[in-house]
Amino acid sequence: MLDPKLFRTELDYVTEQLARRGFAFDAEAYAELESRRKDVQVRTQDLQNERNSRSKAIGQAKAKGEDIQPLMDQVQHLGDQLRQAENELAEIQSSITAMLEYIPNILDVSVPDGKNEDSNVEISRWGVLPKFDFTPKDHVDLGARNKRMDFELGAKLSGARFVVLNGALARLQRAIIQLMLDTHTGEHGYSETYVPYLVNADSLRGTGQLPKFEADLFKADGNPPLYLIPTAEVPVTNIVRDVILDAKELPLKRVCHSPCFRSEAGAYGRDVRGMIRQHQFEKVEIVQVVRPDDSERAHEELTRHAEVVLEKLNLPYRRMLLCAGDTGFSSAKTYDLEVWLPGQGVYREISSCSNFKDFQARRLQARWRNPETGKPELVHTLNGSGLAAGRTLIAVLENYQDAEGRIRIPEALLPYMGGLEYIE
RNA sequence: GGAGAGGUGGCAGAGUGGUCGAAUGCGCCGGACUCGAAAUCCGGUUGACUCUUCGGAGUCACGAGGGUUCAAAUCCCUCCCUCUUCGCCA
């Protein structure tokens with residue numbers, strides 16, 4: 001959520017910035033709503049003030065044993081007026097909140113213009129693309145051997161976009177997750193966290209998935225309803241919801257492995273083949289909560305932490321700076337890491353590292369006490385995939401295949417594979 | 001799932017219709033005393049919001065939401081959560 005004050009003082013600036021995303025903000029409607037709010041709020045508070053002082057007078061009169069009936073007569077109609085004003089105010093305020101909740105974050109100045117992913121800017125490239133003296137297979141063909149990657153079984157058990165991994169492939173995914181967790185806890189200073197995979201609506205509102213993106217979520221009925229997490233970002237970032245952190249608690253750095261559940265409502269027909277886009281996948285998420293002044297540096301650092309994993313696995317990748325139109329709703333600036341997939345001859349997203357600045361923090365009411373001011377102020381939140389484990393598995397398969405369709409285990413994963421060097 | 005108890009400030013814990021944003025203790029911050037510290041004493045110590053002639057004035061919040069009342073932490077209803085206990089269970 002953006003700062004409502006910004007809309008009062010910098011309406012033109014906000015409108016202009018939102019336009020970069022292709023978001024048409026109705027400044028006129030907002031200004032109209034805001035001026036009504038002001039009127040009604042002042043009126044409501046005046047009435048409340050009157051009620052309070054008169055009630056107090058009645059109390060005092062009664063204590064002295066005076067006749068309170070004349071005083072009671074005076075306040076007879078106050079209640080109705082007040083109730084009406086309060087209802088009107090509540091209505092206006094919820095309209096304003098509803099409007100604000102659907103407005104995306106303002107982009108960082110360094111984010112390039114552009115409508116879609118074609119305008120993303122390549123920042124850097126790492127690794128040497130593997131050369132094959134045969135035509136490299138994609139992960140679906142490689143995984144089909146011995147039915148280690150079984151989409152038919154996934155469909156039987158659950159439906160489309162689910163998969164079953166067997167034997168060495170299941171273990172390989174676990175090894176990948178272990179490497180990531182060990183790297184981030186052992187070398188990058190993150191603390192490992194285990195969280196619920198079902199969360200409430202407040203948590204999803206806090207990180208920005210609700211109310212706008214409910215269709216992308218799996219909902220579990222109940223009272224209250226719960227949602228399967230689309231990413232560990234939701235529970236992990238919500239650790240600081242409604243918390244005033246001490247300055248010395250920052251930066252807060254957490255790493256969390258979890259499954260992620262996405263209904264992929266907006267992706268019918270995209271990536272239907274293979275494990276690229278599933279309703280359920282494993283991911284290791286890194287999250288930082290930092291002082292506002294530190295977030296830009298933290299964003300670079302966190303992105304590096306994700307890159308290190310790719311480098312340990314010797315997987316070629318490139319870093320992309322997302323353009324205005326491709327940057328997510330809550331993010332001010334996002335780097336995507338794209339890994340080379342030789343089976344398809346393309347780079348594919350394997351990590352997304354975002355700086356949300358105070359956008360999530362405002363929704364979360366996540367603050368820290370700034371020692372310089374002594375006041376609670378909003379923190380900045382960041383997160384990144386470090387990395388998507390399912391897609392990392394794909395990348396390992398495709399990059400480490402040989403002519404016979406065997407997979408060599410990357411050196412960094414050998415300690416986790418129990419002596420296995422090849423998947424035959 | 002059954003039964004019972006309870007949710008109040010950073011923590012503990014009073015408050016059962018009015019002068020209660022809330023006693024008291026602890027903690028924390030500042031000051032006094034001291035060479036310094038401890039002890040002791042004094043003062044301070046929730047957050048959000050609105051208006052403003054920038055001096056200040058006011059509103060909201062006691063798990064959440066609704067209701068009764070001139071007036072609700074306090075009474076009523078619904079829900080959520082925690083604890084104890086029985087059952088079941090990885």
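Being a predicted model, the structure only gives us computed values, none of them experimental. Order of the sequence lines fixes the chain letters, A, B, ..., with proteins taken first and strands second; residue numbering starts at 1 for each chain.
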J.: Please report the distance, rounded to the nearest Å, between CD in A:Gln60 and P in B:G17.
T.: 19 Å

J.: Mind checking if A:Gln48 touches a base, just sugar-phosphate, or nothing, with heavy atoms under 4.0 Å?
T.: sugar-phosphate

J.: Taking only the side-chain nitrogens and oxygens of A:Arg37, find out if one of them lies under 4.0 Å from OP1 or OP2 of B:C49.
T.: no

J.: Counting only side-chain nitrogens and oxygens, does A:Arg83 get under 4.0 Å of the OP1 or OP2 atom of B:U68?
T.: yes

J.: Of the options B:C60, B:G18, B:C51, whose atoms approach the side-chain atoms of A:Arg51 most closely?
T.: B:C60

J.: So what does A:Lys62 hit on the nucleic acid, given a heavy-atom distance under 4.0 Å: a base, only sugar-phosphate, or nothing?
T.: base

J.: Indicate whether OP1 or OP2 belonging to B:U59 is found under 4.0 Å from a side-chain N or O atom of A:Asn49.
T.: yes

J.: Indicate whether OP1 or OP2 belonging to B:U50 is found under 4.0 Å from a side-chain N or O atom of A:Arg8.
T.: yes

J.: At 4.0 Å (heavy atoms only), tell me whether A:Arg367 reaches a base, stays on the sugar-phosphate, or touches nothing.
T.: sugar-phosphate

J.: Calculate the interatomic distance between A:Asp202 atom CG and B:C79 atom P; express it in whole Å.
T.: 19 Å

J.: So, is A:Arg369 near the phosphate of B:G47, with a side-chain N or O under 4.0 Å from OP1 or OP2?
T.: yes

J.: Answer with base, sugar-phosphate or nothing: what part of the nucleic acid does A:Asn52 contact at a heavy-atom distance below 4.0 Å?
T.: sugar-phosphate

J.: Measure from CG on A:Asp246 to C1' on B:C28 and round the result to the nearest Å.
T.: 11 Å

J.: Provide, to the nearest angstrom, the distance between the CD atom belonging to A:Glu86 and the C1' atom belonging to B:C49.
T.: 15 Å

